[in-house]
6 protein chains.
Amino acid sequence: MLPKFEPSEDVLSGETADIYLARTIDILCHEKLNPVATMEVFSSGVGILCGMEEVKALLARVLPEDNCEVWALAEGEAMSKKEVVLRITAPYQSYGLYETAIVGILAHCSGWATAAKECVEVARGIPIISFGVRHVYPSVAGVMDYSAIIGGCTGCSSVAGARLAGIEPSGTMPHALIIIVGDTVKATILFDKYMPAEVPRISLVDTFKDEAEESLLVAQALGGKLNSVRLDTPGERGRVTADLVKEVRARLDLAGFKKVGILVSGGIDPERISYFLESGAPVDGFGIGSYISGAKPIDFTADLHEVEGKPIAKRGRIHGITPNPKLKRVM
Amino acid sequence: MLPKFEPSEDVLSGETADIYLARTIDILCHEKLNPVATMEVFSSGVGILCGMEEVKALLARVLPEDNCEVWALAEGEAMSKKEVVLRITAPYQSYGLYETAIVGILAHCSGWATAAKECVEVARGIPIISFGVRHVYPSVAGVMDYSAIIGGCTGCSSVAGARLAGIEPSGTMPHALIIIVGDTVKATILFDKYMPAEVPRISLVDTFKDEAEESLLVAQALGGKLNSVRLDTPGERGRVTADLVKEVRARLDLAGFKKVGILVSGGIDPERISYFLESGAPVDGFGIGSYISGAKPIDFTADLHEVEGKPIAKRGRIHGITPNPKLKRVM
Amino acid sequence: MLPKFEPSEDVLSGETADIYLARTIDILCHEKLNPVATMEVFSSGVGILCGMEEVKALLARVLPEDNCEVWALAEGEAMSKKEVVLRITAPYQSYGLYETAIVGILAHCSGWATAAKECVEVARGIPIISFGVRHVYPSVAGVMDYSAIIGGCTGCSSVAGARLAGIEPSGTMPHALIIIVGDTVKATILFDKYMPAEVPRISLVDTFKDEAEESLLVAQALGGKLNSVRLDTPGERGRVTADLVKEVRARLDLAGFKKVGILVSGGIDPERISYFLESGAPVDGFGIGSYISGAKPIDFTADLHEVEGKPIAKRGRIHGITPNPKLKRVM
Amino acid sequence: MLPKFEPSEDVLSGETADIYLARTIDILCHEKLNPVATMEVFSSGVGILCGMEEVKALLARVLPEDNCEVWALAEGEAMSKKEVVLRITAPYQSYGLYETAIVGILAHCSGWATAAKECVEVARGIPIISFGVRHVYPSVAGVMDYSAIIGGCTGCSSVAGARLAGIEPSGTMPHALIIIVGDTVKATILFDKYMPAEVPRISLVDTFKDEAEESLLVAQALGGKLNSVRLDTPGERGRVTADLVKEVRARLDLAGFKKVGILVSGGIDPERISYFLESGAPVDGFGIGSYISGAKPIDFTADLHEVEGKPIAKRGRIHGITPNPKLKRVM
Amino acid sequence: MLPKFEPSEDVLSGETADIYLARTIDILCHEKLNPVATMEVFSSGVGILCGMEEVKALLARVLPEDNCEVWALAEGEAMSKKEVVLRITAPYQSYGLYETAIVGILAHCSGWATAAKECVEVARGIPIISFGVRHVYPSVAGVMDYSAIIGGCTGCSSVAGARLAGIEPSGTMPHALIIIVGDTVKATILFDKYMPAEVPRISLVDTFKDEAEESLLVAQALGGKLNSVRLDTPGERGRVTADLVKEVRARLDLAGFKKVGILVSGGIDPERISYFLESGAPVDGFGIGSYISGAKPIDFTADLHEVEGKPIAKRGRIHGITPNPKLKRVM
Amino acid sequence: MLPKFEPSEDVLSGETADIYLARTIDILCHEKLNPVATMEVFSSGVGILCGMEEVKALLARVLPEDNCEVWALAEGEAMSKKEVVLRITAPYQSYGLYETAIVGILAHCSGWATAAKECVEVARGIPIISFGVRHVYPSVAGVMDYSAIIGGCTGCSSVAGARLAGIEPSGTMPHALIIIVGDTVKATILFDKYMPAEVPRISLVDTFKDEAEESLLVAQALGGKLNSVRLDTPGERGRVTADLVKEVRARLDLAGFKKVGILVSGGIDPERISYFLESGAPVDGFGIGSYISGAKPIDFTADLHEVEGKPIAKRGRIHGITPNPKLKRVM
């Protein structure tokens, strides 16, 4: 079920818009020019469309009740290069100011969703958690994680993102907890002591000791309650390797902990996922940070193609409506 | 003069934080573990530090009045790879939850400021305006444009960004205005008629006619009042070329409009700026969109290096304080 | 029907030959050495053989009536690398001097024909006109255009080339006409006024105004008489793009000029042809200049392989006749 | 001393011109439009200008005695990319038809001269002979060799080229002579017997035997009369190598033939010349064929820039005269 | 039938071992630590296993009669990367010192055998002779040639290698013989005069004269007794080319020597073999030197995986026995 | 002081020679041909000459007392490509058979010495130990390590190599010792207990636990007696990184063990050495295996250049003595 988006005051007031759009509306008001105009929005690249729900919420708020028509692709739908994903026909003054917000929402969200999808596609069913809020400005933390879920992630670490996506937030434990407590096994026991039963017990095993040695120690300490260990070996120590995963798996199995899973994080991207999978490393989940959160927005362009029913366009574009049978009428 | 930042409710409540940090604080509270700990934040790459003012505002709100010390680099300062830009010494429970926000603010803002700086550095003094809000989620429109200004841009198109940076927003006119009005010359005359005197008259000359022809027409229509023309030729028409700029310049000069400037936009990045400059094209200003607004965040990492005065670190990092004489005490 | 070639005086006199061949004949005459010798000519590369008709005309003029045998591939036939395309058996003094001319004619003509063929092969049936005489020395203008026709071009711009190939020369109008007249529409009307009915009305639409705008203006001026427009946008303006062709097509269609064709010229080569075709641009003809006219000659080598019926060869070549079942006896 | 060029009938009649120029003159005659117009010709690339003498001869024949002005660079002068090399101001009908010939002559000749210059520049004073007439159509044999001399070659093999350049033709002996005679030593003796004293005795030593062995045999046979040996080892035998040159030199020196020079031919280009020189091979002369004769013409473009004293130009070019202080008035 | 290998005194005494292994045995003796331990040896790369017969001979000499088990792949068997090729279970003191020799023998021999195999695989049945002893230290001449035979060579030039492999040594004649005798034909006649009948008459034809000329001369001198000619043209003369082979073949055939074979040597490697085969050169045998003899050893690694029946391993390796169904028990 | 080399029986008997040399001597004996001949040996590449001492020992054994002359470069001297390093003038039958051994010894030894030199040159004074005997056939273990020392290594691990080079063998401890003992600290204590005082105490710290943790444990166990720790982290764990070295250094220093050195091994080559040095990692010594031991032999070629005082050579080489002022007379 898709979330309810609510346009913010800053968007509605034009505070976040390009100033020249505010000026345009101003001029047209003075001239009493308010023709019915058709604006089409197309994508600069291939990807997964995201942000459309929020755009629809914005349009629902600003467009007149009648004398308007909106056609759109659905949230999460695949789109090709230059494909028209949105077409608005309405009196221009009602929506012209919101062009910046409309294309901005779609650009940023589709960028995140598309990067998530790329990871999911190479992961062959292994769950992927979005761990990247620490690489974005906090005011987009929620919408970034929401977009990652739209792109196929099964979880995310931010409360805000999980709320938008209608799921529970995911997380293990930070190095900070272990350093403050002073010992990985002790920290894991405290985690187990205070966390509600529904929170999975996942221990981070690379802080002080060898990962394989520590994995056995936490498994022995928590017994059947341990859900997984997380490997997050830093670059200074050669990152997590496929062989390390296999070795930890073999040691855990040899000691009878066949049910304890192994999560991998740290610089994961589609290339790294493929490396683990092609090397046969038995990974049970990936945590992905900046590959998703730092994805480049996919630019969208908005163009007028009809004014008062007459085909028109700027140089470089084709006059009139661009046919796209995938568009569905949404308003 | 730097702006006043105000931490948002979502950051303060932990809504935008990684869930595991909230859980960590929860566990430590239960255990009454609140040692004075030193956290260092370092950059994953070379660039321009941005977001520090907002981080300081957040710390000022959450740290205890005494028993704390904060050292930092200044807003807009250059930083090298792996350089420590922030060091906090305080009881861990007071700030541990805000690790996500601290590194996220720095990451996103420094990414934008650094991309802006790259453009400014190759532009040899030619002004650059940030035109990229249309490629980002609206809630970061203001802070993105603010960061671009910190990186050296002389203007930006969003109201929110200009307000944060303490300047006036910049803008010309959109293709939409010209299409609605139906003619570039007419639209330019309307713009001149209704806009306040302090808004520069800049005409967009590529909508319906050849750019050189249209430039002469608007110059003849507005006479001495025309500030500049903007060339924004789309990729479908071969983009703006250095030779087009020279040709428009020569035509304007020949017709006596030597004071009318030429602005260039559309897919501009440092490589394109260099191309124009090395080709000797007389550009008077660049408008830059997604090269700045879509810049990849520069990841920051936060590590504990001392607990109760004793050097410590996770594997892969060096125990104890990392010396950096550039750090200044800010709290 | 193939043209009649006539050997020139300069060739027959040895004026254009390598001096050492004249000296060789001189020495052999003194020594009364005139054995029947077999010379084979092979190509250094893959391509389309051209120039053989002219070579045959030369041989017909110089070889003795009997005691000679000539085998050859046909004009326009495909040849592979190192394939023997001509074999002459005759008293050596009768033809030795003409080695330079024989391999020179084949080299230059086959180079042009092969380049033309490369364009034709990627053009999937779209007609190609040779426009390159302006890039070659005038004394080869005709034979270059003739070779282009042998390679598959459907027309050429030079009178001499068209005459050799037995067709009418093709052409539109130069920028000079439009500049002298001062206006594209006026120039097109004059062209229509004075040119015989059988000359197609093709207007060059990129001289003064936007190509799409000008296309509509000339179409409206000439009505049903307009055959095509030619797009020749210079590199300074981003060359002709596939999108420009589509846009002009759409504008013409929208205005009811569906029968007006679109020709494209300016830096066209096989790569550019593929670009237009793969982009789906509705081009009705290409004008190609220096890709064909500036094609590197395909070197040919002439070797003696038998003297008085005995196999012989220089080091590096195989003694005796080289079998090639594709050769036909032509004399 | 530069040669006297004589415009050919085919050029003067327009037979070799683009048909559309003939049509243009036709239309302008009908309309009695014959304004004084300024045409500028510029080069598409860096190189050595060649063909200007012939262009001047053509203009001298067609331009009116007064009311005309011609400015040009000199034959053999270096030119840069896009440099204007010729400017004609005269009634347009007097020269418009000859645009094709003017740019064609310059293109082909400058291409050859520039390639020759590239060879000469890396050869550090070692003489270079143009041997490439066998790779071009006979009607350009002379002008090609003339252009090579303008580019710095010290000799050429065609009678026609040598005549144009005012020198004696150069040549050694062909493989054919040796094969007909049946032995290299015998052929060399016959050459010596019948050739005038002023023709240098140069023996080709790779036909039947090992080059080093044969070099000694011909040196012993001719004694002090032998000027040089020529090495032309074919690709099938690994081409001439630097070590072969050194070995032949050493064998000749050891046998007392220190004055016999060594010429090298076969696939020579600037890269091969550098290889021989950097390897220290004692080469006394290079024979170069298709690198020079097959050089791509350097395209030239002709544009009108003034009509009746008023600056004008087609889109993409700058209105009015292009300043170039290197131009000298020649008519 | 595989040869009998005999461990050398230097190996048995530890003279050629790593000193730290001798020290290890010393320490363990002092401590009376002699557990049954399982050592596995795996390959660092894909290839052909060679040296195992000699390793088995060594183990047979040092392991106790009972309380030991050895599993191994067979001599000449293909092995994959990281595949275990040998597993020894025995009291550690009995074999620990020989780890250096075991992995060293396998490394060097497998390197040579694998390089030979690479040549054989591209040669499509054309025989290959190992000619590389002159590029290795004499004490490995025999074992290198033996390894080449294991890799598929049909012959070798060293007496020692041939003895190990149980075949006759192969060879033609050196340039030295021809230079001392002063003439290739004479040297070939002497070779024929003194060599036993079973030694094939193969003449080296590139010493003084052109290879094709000399081939005919030796064929005419020896008549039906000539087995083959060998082409070994040095790099200074462009190496042996495919065309030279074809030319010699054609000349021999034309003169009636269709049964005389052509051997090729000089810088041969898989790439050169492919070049000859793809060019259609009728080669009857290749002599290969440093491609085989200079092959990089394929490193092998020895690891303990069980001690007294308990799985163990160093970090980075998996505890316990590594399953490999291809291993056969050999002791 | 250079070692005494003793020619082996296998070399003297011709067992390891190319069979065709034995046959050559056989033929020459029959013909009583034993001219004084001069053989020159030159290198195929740049490098460090090694093996010359052993070659001189061989020649001293086989050449006649008088009527001979030997000139050579010195052991360890730098040589350039194609430089003559040895010249023998003597009756050919006395040394012809040993050509294989002479060039083989030089090839293999110079290959090893040159690879060692490459490492030494980038190491800026940091000592390098040859650890590669485990990658070569045991019969060359000694001479390989000897060559590495000639190339600049300061130590080697084989007893045989150290003996030849006149030094003590170097070594730490193998993983096997630690695995048999079951604990790194215990193994280090035993090593210290039984090894003579002059053997440096170097502990291998990557077998069971984290390297940094284990380094501190062995340092605490041995106190001032610990010389160094060795880091040999396997590829499965990301190899030794520069950051690991720095971290271990920092932990040891922090704990007061500033005098304990850090040795690094595992896949070291010049590129890795540069990486450590450029990263500022405080390495105190490198152990290098297969980069040196697996170095490709540098081929040498032996040619006759004079027979009975008359210059001669095979095709491709220069007749007569090759001047080289660096050669010194050694016999």
Side-chain angles (χ1 to χ4, degrees), chain A residues 20 24 35-47 49 69 71 73 78-90 92 99 103 106-107 110 296-327, chain C residues 184-185 203-220 226 229-262 264 266-267 272 274-284:
Chain A
Y20 51 76
T24 292
V36 169
T38 298
M39 187 170 84
E40 293 186 347
V41 175
F42 69 87
S43 165
S44 66
V46 167
L49 179 67
E69 210 172 285
W71 295 70
L73 257 59
M79 62 188 178
S80 52
K81 190 172 172 175
K82 294 219 167 179
E83 179 169 359
V84 173
V85 302
L86 175 67
R87 186 191 300 129
I88 305 165
T89 303
Y92 181 75
E99 180 183 324
V103 295
L106 295 178
S110 299
K296 201 171 164 55
I298 296 175
D299 297 350
F300 282 79
T301 303
D303 276 321
L304 293 184
H305 280 261
E306 272 192 13
V307 175
E308 292 292 3
K310 287 183 47 186
I312 196 166
K314 71 169 199 173
R315 280 164 74 232
R317 304 286 147 73
I318 305 297
H319 289 216
I321 299 300
T322 312
N324 183 4
K326 285 168 60 187
L327 290 171
Chain C
T184 300
V185 171
S203 182
L204 176 59
V205 294
D206 60 0
T207 308
F208 291 131
K209 288 177 157 292
D210 179 69
E211 295 87 343
E213 189 185 6
E214 194 81 280
S215 294
L216 284 181
L217 293 175
V218 296
Q220 283 151 0
L226 186 68
V229 292
R230 173 157 74 103
L231 304 175
D232 187 54
T233 314
E236 289 90 341
R237 287 299 191 93
R239 298 200 288 180
V240 181
T241 66
D243 283 311
L244 174 61
V245 178
K246 293 179 188 175
E247 186 185 341
V248 170
R249 181 75 273 152
R251 296 283 296 272
L252 286 170
D253 288 356
L254 201 61
F257 299 106
K258 301 204 175 202
K259 292 198 175 153
V260 173
I262 299 175
V264 172
R272 290 285 292 167
S274 294
Y275 152 74
F276 282 107
L277 268 62
E278 278 160 23
S279 308
V283 176
D284 297 298

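Within every chain, numbering begins at 1; the chains are lettered A, B, ... in the order of the sequence lines, protein sequences first and strands thereafter. Owing to the predicted nature of the structure, the values given are computational and were not obtained by experimental measurement.
If you measure heavy-atom distances from Arg249(C) to chain A, you find no contacts under 4.5 Å at all. When heavy atoms are compared at a cutoff of 4.5 Å, Leu244(C) does not approach chain A at all. For a residue to count as touching a neighbouring chain, one of its non-hydrogen atoms must lie under 4.5 Å from one of that chain's; by this rule Ala250(C) touches chain A with the side chain only. Using a 4.5 Å cut-off between heavy atoms, Arg317(A) contacts chain C through its backbone alone, with no side-chain atom that close.
The CZ atom of Arg315(A) lies 7.0 Å from the CD atom of Glu211(C); values are rounded to the nearest 0.5 Å.
For the residue pair Lys82(A) and Asp243(C), the shortest heavy atom distance occurs at NZ-OD2, 4.1 Å.
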